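The block underneath contains the structure these notes are about, expressed in structure tokens.
Predicted, not measured: the structure shown is a model, and the values here were computed from it. For the single chain, residues carry numbers from 1 onward in sequence order.
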Amino acid sequence: MHKLISELTRLYLFEEQQHYIDAQGGVQPMTPAVLARHLSGEQTVAVRLVSGHGLARALVLEFGGKGGGEAHWSALCTIANAVQHELDLPAPAVSISGTAFQLWLSLATPVPVAQARQFVQLLRSTFLPASTDILAVAPPDYVEQAALPPCLQPSGKWAAFIHPSMGAAFVDEPGLDMPPPPAAQLGFLESLRSINPGQFAQALAKLQGHAGLAEAAPAPVAAPLPAETSAMAPGLLLQDATLEDIVRWLHARHIEPTFRHRLP
């Protein structure tokens with residue numbers, strides 16, 4: 001658990017005091033003990049993603065709500081591939097929240113929350129056509145607070161980080177019946193890298209240029225995902241992956257796959 005907390009802190013939390021929202025809506029200090037209880041399912045809390053100085057370093061996009069799970073997963077793949085191949089940013093993390101898919105971007109250096117919110121909104125408007133824009137009503141809410149996976153949701157389902165190739169397996173039910181193994185969660189996070197300040201500034205300028213908000217070269221719209229692409233391609237999020245692909249990837253990282261549903 002300690003290593004998992006360290007990775008979550010490295011990617012998404014602040015060096016200064018982190019806070020969470022309690023059941024009454026009050027703001028409380030996020031201590032290591034509180035985070036450990038959250039990850040073990042004893043006490044689920046909403047982590048504040050904005051510091052007391054109005055800065056953010058974890059950007060979360062949620063794909064859920066109206067439409068079907070396949071459409072949500074396809075939209076997430078479009079954004080995730082654009083983040084890497086059109087904006088030249090490190091691969092983001094992917095999670096299931098119990099009700100939706102989520103994409104987690106990590107910033108090495110916090111930025112003003114207004115800038116973070118604009119970045120999230122421009123990602124959506126640039127790479128998802130208006131007719132297929134099915135992001136949940138989120139950007140402000142999910143830039144400012146979110147339940148950090150893995151955690152137990154009120155529905156009884158577990159939120160968890162997943163390998164990008166696994167998304168198609170969760171289109172009907174984006175949640176787990178049982179808590180995910182901490183070692184597997186650690187395995188999904190430890191190879192991820194944060195977006196450095198230069199990368200973020202360049203990507204934001206591309207997005208602003210595409211939207212006509214700045215003098216910058218427009219960022220091209222992400223191309224559709226290829227139909228025949230290996231599920232093992234590094235950093236690429238896929239709409240489909242075979243069970244053999246998933247098991248092979250997990251075994252290569254010494255992670256033993258487990259069932260996500262209880263057997264009758």
Side-chain angles (χ1 to χ4, degrees), residues 1-62 83 87 89-95 97 102-123 136 138-153 158-161 180 182 185-205 207-208:
M1 185 67 76
H2 175 72
K3 289 184 178 180
L4 178 56
I5 290 175
S6 294
E7 283 301 299
L8 291 169
T9 301
R10 176 180 69 86
L11 291 168
Y12 307 118
L13 303 182
F14 298 109
E15 292 183 359
E16 62 184 84
Q17 178 65 63
Q18 191 85 29
H19 292 85
Y20 72 93
I21 310 299
D22 63 21
Q24 288 72 43
V27 178
Q28 304 293 337
M30 172 67 85
T31 64
V34 171
L35 184 53
R37 290 197 298 272
H38 169 82
L39 298 176
S40 65
E42 298 176 38
Q43 175 190 7
T44 301
V45 299
V47 179
R48 281 185 59 86
L49 302 180
V50 180
S51 73
H53 300 293
L55 301 176
R57 67 167 304 222
L59 311 183
V60 187
L61 289 79
E62 178 160 298
V83 163
L87 300 180
L89 298 177
V94 180
S95 73
S97 71
Q102 292 178 332
L103 202 61
W104 293 73
L105 286 77
S106 166
L107 303 182
T109 301
V111 299
V113 67
Q115 195 175 59
R117 188 177 296 118
Q118 182 190 50
F119 186 86
V120 169
Q121 292 169 336
L122 288 175
L123 273 179
D141 292 340
Y142 285 96
V143 165
E144 295 175 4
Q145 66 183 59
L148 191 65
C151 63
L152 182 62
Q153 299 287 32
W158 278 82
F161 289 105
Q185 294 294 282
L186 179 64
F188 297 143
L189 297 176
E190 60 188 358
S191 64
L192 298 179
R193 296 293 174 263
S194 297
I195 300 168
N196 68 44
Q199 290 173 319
F200 181 78
Q202 184 177 36
L204 181 58
L207 292 171
Q208 290 171 334

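- Residues that satisfy the side chain to side chain donor-acceptor pair (under 3.5 Å) test with Gln28, not counting sequence neighbours, are Asp22.
- In summary, the side chains of Glu7 and Gln185 do not present any donor paired with an acceptor at a separation below 3.5 Å, with no hydrogens or angles considered.
- Contacts of Gln199 classified as side chain to side chain donor-acceptor pair (under 3.5 Å), with partners at least two apart in sequence or in another chain: Asn196.
- Across every non-hydrogen atom of Val34 and Pro29, the tightest pair is CG2-O, 4.4 Å.
- The side chain to side chain donor-acceptor pair (under 3.5 Å) test applied to Gln202 returns no partner, not counting sequence neighbours.
- Atom CG of Leu55 is separated from atom CG of Leu49 by 12.5 Å, given to the nearest 0.5 angstrom.
- With sequence neighbours left out, Trp158 forms a ring pair (Phe, Tyr, Trp, His ring centres under 6.0 Å) with no residue at all.
- Between Leu8 and Leu39, some side-chain heavy-atom pair lies under the 4.5 Å cut-off.
- Put simply, the side chain of Thr44 never gets that close to the backbone of Gln153: no donor and acceptor are under 3.5 Å apart.
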Check the pair Lys3 / Glu190 against side chain to side chain contact (heavy atoms under 4.5 Å, CB included), numbers first and verdict last.
CA-CA 9 Å; Lys3 289 184 178 180; Glu190 60 188 358; over 6 Å; no
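- For the pair Leu13 and Val47, the minimum side-chain heavy-atom distance is below 4.5 Å.
- Note that OG1 of Thr31 is 7.0 Å distant from OH of Tyr20, once rounded to the nearest 0.5 Å.
- For the pair Met30 and His38, the minimum side-chain heavy-atom distance is 4.5 Å or more.
- For Ser40, the side chain to side chain donor-acceptor pair (under 3.5 Å) partners two or more places apart in sequence, or in a different chain, are Glu42.
- Across all non-hydrogen atoms, the minimal contact from Phe14 to Gln18 is N-OE1, 2.7 Å.
- Counting heavy atoms from C-beta on, the side chains of Val94 and Leu103 come closer than 4.5 Å.
- Considering only residues two or more places apart in sequence or on other chains, Phe200 meets the ring pair (Phe, Tyr, Trp, His ring centres under 6.0 Å) condition with Phe119.
- Within the 4.5 Å cutoff, the side chain of Leu4 has heavy atoms near those of the Leu189 side chain.
- Residues Pro92 and Trp104 have side chains not in contact (no heavy-atom distance under 4.5 Å, counting atoms from C-beta outward).
- Between the Gln102 side chain and the Ser97 main chain, no donor and acceptor come within less than 3.5 Å of each other.
- Side-chain contact between Arg57 and Ser194: present, with at least one pair of heavy atoms (C-beta onward) separated by less than 4.5 Å.
- Using a 4.5 Å cut-off on side-chain heavy atoms (C-beta onward), Thr109 and Val111 make no contact.
- Across every non-hydrogen atom of Ala91 and Leu192, the tightest pair is O-CD2, 3.7 Å.
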